[in-house]
Amino acid sequence: ESSSRELLGRFGADALRIQLLCLGPADSRASFDADSLYNIRRFLEKIWRSVCGRIGKGRFVSRNVLVAKHRLIFDVSKRLQGLKFHTAVSAIREFVNFLASPVTTLEEVDKSTLETFLVVLKPFAPHLAFELWERMGNEEAIDDIPWPEYSKELVEPPEREHAVFVNGQ
């Protein structure tokens, strides 16, 4: 059994923090699994590569990226309010996978999208978010940036198709 100090030195505070947040709902029983820290560490490294690989390369923001960004803000905000930290981390993981996807080009992810992502990431991995924020060349401290707002129209498009059954048909 590894001591918390040893785990902290080996994996970092952000990995340990995410591990604790991912144990499940606050009212459930869960046990700490030091082995899963390897997966979390790889996830944090994927964030590092995804953001660093995009710094200064975005020329515009595509509709797909815009929708993904607002969905991220919506999902994480809602899950934080409900104290569902483990599912908030899942929403962050989905966004990182979207960023790392080969169909998401470097040019379509603008600086604003990366900055928003880092602000949303900060409660879960503050050290990583801070470091990447500075790498992006931001002079204003990430702590001074307010929580982003989402567009309801982008998260829930106003036009929806509904199936209606009349007399079983």
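With sequence neighbours left out, Asp14 forms a salt bridge (charged side-chain N to carboxylate O under 4.0 Å, His left out) with no residue at all. Glu45 is linked by a salt bridge (charged side-chain N to carboxylate O under 4.0 Å, His left out) to Arg41, counting only residues two or more places apart in sequence or in another chain.
With hydrogens and angles ignored, the 3.5 Å screen pairs a side-chain donor or acceptor of His70 with a backbone N or O of Ser151. With Arg42 contributing its side chain and Leu37 its backbone, the two residues share no donor-acceptor pair below 3.5 Å. Without hydrogens or angle criteria, Lys57 side chain to Gly53 main chain gives a donor-acceptor distance under 3.5 Å. Between the side chain of Thr87 and the backbone N or O of Ser90, no donor-acceptor pair lies under 3.5 Å. Using modelled atom types, one side-chain atom of Ser50 and one backbone atom of Lys46 make a donor-acceptor pair closer than 3.5 Å.
At a threshold of 4.5 Å between non-hydrogen side-chain atoms, the residues Leu72 and Glu94 do not count as touching. Looking only at side-chain heavy atoms (C-beta outward), Ser112 and Lys69 come within less than 4.5 Å of each other.
A chain of hydrophobic side-chain contacts below 4.5 Å, direct or via other Ile, Leu, Val, Met, Phe, Trp or Tyr residues, connects Phe117 to Trp48. Tracing side-chain contacts under 4.5 Å through hydrophobic residues (I, L, V, M, F, W, Y), one never reaches Leu118 starting from Leu106; they form parts of separate clusters. If you chain together hydrophobic residues whose side chains sit under 4.5 Å apart, Trp147 and Ile142 fall into the same group.
The structure places CZ of Arg79 at 10.5 Å from OG of Ser77, a figure rounded to the nearest 0.5 Å. Here Asn64 contributes atom CG and Thr104 contributes atom OG1; the two are 7.5 Å apart, rounded to the nearest 0.5 Å. Considering OG1 of Thr113 and CG of Leu66, their distance stands at 7.0 Å, rounded to 0.5 Å. The CZ atom of Phe85 lies 11.0 Å from the SG atom of Cys22; values are rounded to the nearest 0.5 Å. The structure places OG of Ser36 at 11.0 Å from CD1 of Ile18, a figure rounded to the nearest 0.5 Å. Here the CG atom belonging to Leu44 is positioned 10.5 Å from the CZ atom belonging to Arg49, to the nearest 0.5 angstrom.
Thr105 and Glu108 share a donor-acceptor pair across their side chains, judged by distance under 3.5 Å alone.
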Side chain to side chain contact (heavy atoms under 4.5 Å, CB included), that's the test. Do Phe74 and Glu156 meet it? Break it down for me.
CA-CA 10 Å; Phe74 172 78; Glu156 299 174 14; 4.2 Å; yes
Could you walk me through whether Val61 and Val109 pass the side chain to side chain contact (heavy atoms under 4.5 Å, CB included) test, one step at a time?
CA-CA 5 Å; Val61 61; Val109 181; over 6 Å; no
In sequence, state the C-alpha distance, the side-chain angles, and the governing distance for Arg54 and Leu114, and then conclude on side chain to side chain contact (heavy atoms under 4.5 Å, CB included).
CA-CA 8 Å; Arg54 293 182 176 281; Leu114 295 177; 3.9 Å; yes
Going through the checks in order, is the side chain to side chain contact (heavy atoms under 4.5 Å, CB included) test met by Phe60 and Val65?
CA-CA 10 Å; Phe60 62 94; Val65 172; over 6 Å; no
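When the shell of 6.0 Å around OH of Tyr150 is examined, it contains 12 or fewer heavy atoms from other residues, nucleotides or ligands.
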Result block: side-chain N/O donor-acceptor pairs under 3.5 angstrom for residues 128-141, not counting sequence neighbours:
{"unit_1": "Trp133", "atom_1": "NE1", "unit_2": "Glu140", "atom_2": "O", "d": "2.6"}
{"unit_1": "Asn138", "atom_1": "OD1", "unit_2": "Lys111", "atom_2": "NZ", "d": "3.4"}
{"unit_1": "Asn138", "atom_1": "ND2", "unit_2": "Trp133", "atom_2": "O", "d": "3.3"}

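Relative to the ring axis of Phe95, Arg71 does not place its NZ or CZ within 45° and under 6.0 Å from the centre.
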